[in-house]
Amino acid sequence: MGDWQTDPTFAMCRALVDGADPAAFAGGPFDVRAVAAAIRPETSNRAALDDLPWGNFPHGEEARDAVRQLHTADGTARNPVAVLIGMCADDSRAAASLAVPFLIRIATDPHHPHRADALGGLAAPARARHFGTASRDELLLHRTDPQCHALDDYDDYGVEVTGYPAGWSVAAARGAITAGISMLLPLLNKSDPGTRIGASYALATAADPDLTVRSAFATRFAKEQDPMVLAALVLATAETTRTNPHRPATARVGKLWQDRTQPPEVRLAAAIGWLCLTDEPAPDALQATVSVLATEERARAMDALLADGRRMRRTRAPALRPPHAPPGRTRTVRRPLGPAGLNDEWPTLGHGTPRACRHSVHRSCLSEPSIALSHRGL
C-alpha cells in the first residue's frame with residue numbers, strides 16, 4: 001500500500017466518516033462484502049489468493065501474507081493466525097474477513113498441519129470486539145455496545161479505527177462462514193474436543209434461518225460427553241438463538257441451568273445463555289446456582305469458552321463472577337490502532353476517537369450474577 005493520504009480506500013473511509021451515503025460505495029471494489037461473496041470456501045486455494053484485491057482494504061497486504069504463510073505449512077502458522085486475530089482485536093477486520101474462506105478451507109483439511117490454528121481464527125472478524133465489560137444486553141449479541149445509541153448506517157457497528165464500515169467487515173465474515181456451513185458441520189463430530197469447541201464457536205456466527213446449525217448443535221449435545229464441549233454447544237446455541245429467536249431453544253437453555261444432572265460447566269453456560277436470551281430478572285435460584293458453581297478454577301476454564309472459543313487467550317477473556325463480586329471500575333477505553341507497523345499506514349479517522357474505539361465499560365448485571373468481559377491487557 002502506498003501513501004495513505006492518496007489511497008482510494010482511505011478516501012472512501014474519510015468520506016463515510018464525514019457523512020457520505022454508504023450506498024454510494026456498496027457493492028463496489030472497496031466493499032468487502034461483495035468481494036468476499038465471490039469466494040467459495042471449497043474452491044479457495046493458494047492460487048486464488050493473489051487474484052483478490054487485498055490492497056483495497058486496510059492492512060490487506062498483511063492479511064494476504066498471513067494466509068500465504070499458512071498455506072506454506074512451514075511450522076510457524078500460529079503467528080500468521082495471531083496477525084489476523086490481532087487485526088480484529090485492534091478493530092480492523094476488513095482484510096481479516098477476506099481471509100475467512102481460506103481459513104475455512106485450511107481448517108477443514110484433515111491433512112493440513114495448521115487446521116486447528118485456522119479454525120481458531122476464522123470467526124474472529126465475525127464478531128464485534130467488546131473492550132471492557134459486557135452486560136447481558138451485549139454478551140452473545142452481534143452488535144457493539146447498544147448503550148452508545150449512536151446513529152449510523154452500519155447495523156449499529158459504527159466504523160472501525162481506520163474509518164472502514166465495521167458492519168461490512170462483520171457481514172463479510174459471517175457470509176463466508178454461512179457459505180462454509182456444510183464444510184464446518186462435520187467438525188462437530190471430530191475426536192478432538194478442541195476442534196468440536198472451535199467448530200461450535202465458528203458456526204454460531206452463521207446465518208441459520210432454517211435452523212440447520214442449531215439442530216446440529218442439539219444433535220451433538222445429545223451425544224457429547226466432554227463437559228467443556230457441552231458448555232460450548234450451549235453458548236453457541238444461545239448465540240445463534242439470539243440472532244434467530246426461537247422460543248423452544250430459549251426454553252431448553254433455561255431448563256439446563258436448573259438440571260442438577262448436568263455438569264456444572266453446562267449449568268453455568270446455560271445460566272449465561274438464558275440471561276442473554278431473555279429480559280426476565282434473574283431468579284434467586286439462578287443467582288444461587290452461579291454463586292455455588294462459579295469457583296475460581298471453573299471460572300478460568302469458562303473464560304476459554306466465552307472469550308475466543310479456543311486456547312489462544314492472553315489479554316481478553318470474559319470472567320464469570322459470582323454475585324456480590326467487587327464491582328469493577330467504569331472507564332472509557334481509548335486505543336490506538338495497535339501493533340507496531342500498522343499505525344504508520346492508516347491513521348485514526350473520525351472526530352476525536354472513532355466511535356468504534358469508544359466503549360464505556362459498565363457493569364449492569366448485578367441485580368443479576370455479574371457476567372463480565374474483563375480486558376486484562378488494559
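Position 1 is the first residue of the sequence, and the numbers go up from there.
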**Euclidean distance, Asp65 CG relative to Leu70 CG, rounded to 0.5 Å** = 11.5 Å

**Complete:** Of all heavy-atom pairs linking Pro58 and Ala95, the shortest is O-CB, 3.6 Å

**Request:** Would you name the heavy atoms of Pro29 and Val35 that are closest together and state the gap between them?
**Result:** O-CG2, 3.9 Å

**Request:** Evaluate the criterion side chain to side chain contact (heavy atoms under 4.5 Å, CB included) for residue pair Phe57 and Trp168; output intermediate values, then yes/no.
**Result:** CA-CA 12 Å; Phe57 307 101; Trp168 290 8; over 6 Å; no

**Asked** What do you reckon, is CG of Asp279 surrounded by more than 12 foreign heavy atoms closer than 6.0 Å?
**Response** no

**Asked** Are side-chain heavy atoms of Leu275 and Leu286 found at a separation under 4.5 Å?
**Response** yes

**Asked** Between CG of Leu235 and OG1 of Thr240, what distance do you get to the nearest 0.5 Å?
**Response** 12.5 Å

**Asked** Judged by atom type as modelled, is there a donor-acceptor pair below 3.5 Å linking the side chain of Trp54 to the main-chain atoms of Leu49?
**Response** yes

**Message:** Counting C-beta onward and ignoring hydrogens, is there a side-chain heavy-atom pair between Arg64 and Leu98 closer than 4.5 Å?
**Reply:** no

**Asked** Do the side chain of Ser291 and the main chain of Gln287 share a donor and acceptor less than 3.5 angstrom apart?
**Response** no

**Item:** Of all pairs that satisfy salt bridge (charged side-chain N to carboxylate O under 4.0 Å, His left out), the ones with a partner from residues 285-298, not counting sequence neighbours
**Value:** Glu265-Arg298, Glu296-Arg300

**Message:** For a 4.5 angstrom cut-off between non-hydrogen side-chain atoms, does Arg105 reach Pro41?
**Reply:** no

**Prompt:** Where is the tightest heavy-atom contact between Ser97 and Pro125, given as atom of each residue plus distance?
**Reply:** OG-CB, 3.4 Å

**Message:** Out of the candidates Val67, Ile177, Ile39, only one should pair with Pro101 under the side chain to side chain contact (heavy atoms under 4.5 Å, CB included) rule; please name it.
**Reply:** Ile39

**Message:** If I take atom OG1 from residue Thr237 and atom CZ from residue Phe221, how far apart are they, to the nearest 0.5 angstrom?
**Reply:** 8.0 Å

**Request:** Just say parallel, tilted or perpendicular for the rings of Phe102 and His71, cut-offs at 30° and 60°.
**Result:** perpendicular

**Message:** Please determine whether salt bridge (charged side-chain N to carboxylate O under 4.0 Å, His left out) holds for the pair Arg115 and Asp117, giving the CA-CA distance in whole Å, both sets of side-chain angles, and the decisive distance to 0.1 Å.
**Reply:** CA-CA 6 Å; Arg115 59 189 180 276; Asp117 296 296; over 6 Å; no

**Request:** Enter the distance from Leu268:CG to Leu256:CG here, rounded to the nearest 0.5 Å.
**Result:** 12.0 Å

**Request:** Let me see the working for Lys190 and Asp192 under salt bridge (charged side-chain N to carboxylate O under 4.0 Å, His left out), right down to the final yes or no.
**Result:** CA-CA 6 Å; Lys190 293 296 183 181; Asp192 175 45; over 6 Å; no

**Prompt:** Under a 4.5 Å side-chain heavy-atom rule over Ile, Leu, Val, Met, Phe, Trp and Tyr, are Leu211 and Val234 clustered together?
**Reply:** no

**Asked** What's the shortest heavy-atom distance between Val100 and Ala176, and which atoms?
**Response** CG1-CB, 3.6 Å

**Asked** Mind checking whether Gln69 and Val83 have side chains closer than 4.5 Å, heavy atoms only?
**Response** no

**Close side-chain approach of Leu277 and Thr241, heavy atoms under 4.5 Å** = yes

**Request:** Give the C-alpha distance, both sets of side-chain angles, the deciding distance and a yes or no for side chain to side chain contact (heavy atoms under 4.5 Å, CB included) between Glu239 and Phe217.
**Result:** CA-CA 12 Å; Glu239 183 170 354; Phe217 291 159; over 6 Å; no

**Prompt:** So which heavy atom on Trp257 is nearest to which on Ala271, and how close?
**Reply:** CB-N, 3.7 Å

**Message:** Out of the candidates Leu184, Leu119, Leu185, only one should pair with Thr108 under the side chain to side chain contact (heavy atoms under 4.5 Å, CB included) rule; please name it.
**Reply:** Leu184

**Request:** Start with the C-alpha distance between Asn244 and Val213, add both sets of side-chain angles, then the distance that settles side chain to side chain contact (heavy atoms under 4.5 Å, CB included), and finish with yes or no.
**Result:** CA-CA 11 Å; Asn244 305 282; Val213 171; over 6 Å; no

**Request:** Provide the full list of salt bridge (charged side-chain N to carboxylate O under 4.0 Å, His left out) pairs with a residue in residues 250-260, sequence neighbours left out, each pair given once.
**Result:** none

**Message:** Taking Arg33's backbone N and O only, do any of them form a donor-acceptor pair with Asp31's side chain (distance below 3.5 Å, no angle check)?
**Reply:** yes

**Separation between CG of Leu203 and CE of Met183, rounded to the nearest 0.5 Å** = 12.0 Å

**Asked** Under 3.5 Å, side chain of Thr195 to main-chain N/O of Leu187, donor-acceptor pair present?
**Response** no

**Prompt:** For the atom pair CG (Leu16) and CZ (Phe30), what is the distance rounded to the nearest 0.5 Å?
**Reply:** 11.5 Å

**Message:** Is there a side chain to side chain contact (heavy atoms under 4.5 Å, CB included) between Ser92 and Tyr164? Walk through the geometry before answering.
**Reply:** CA-CA 8 Å; Ser92 184; Tyr164 194 84; over 6 Å; no

**Message:** To check you understand the geometry: which heavy-atom pair defines the closest contact between Ala36 and Ala172, and what is its length?
**Reply:** CB-CB, 4.0 Å

**Item:** Test item: Arg196 side-chain N/O and Asn189 main-chain N/O as donor-acceptor pair under 3.5 Å
**Value:** no

**Request:** Please list all pairs passing the salt bridge (charged side-chain N to carboxylate O under 4.0 Å, His left out) test where one or both residues lie in residues 208-222, with sequence neighbours left out.
**Result:** Arg220-Glu224

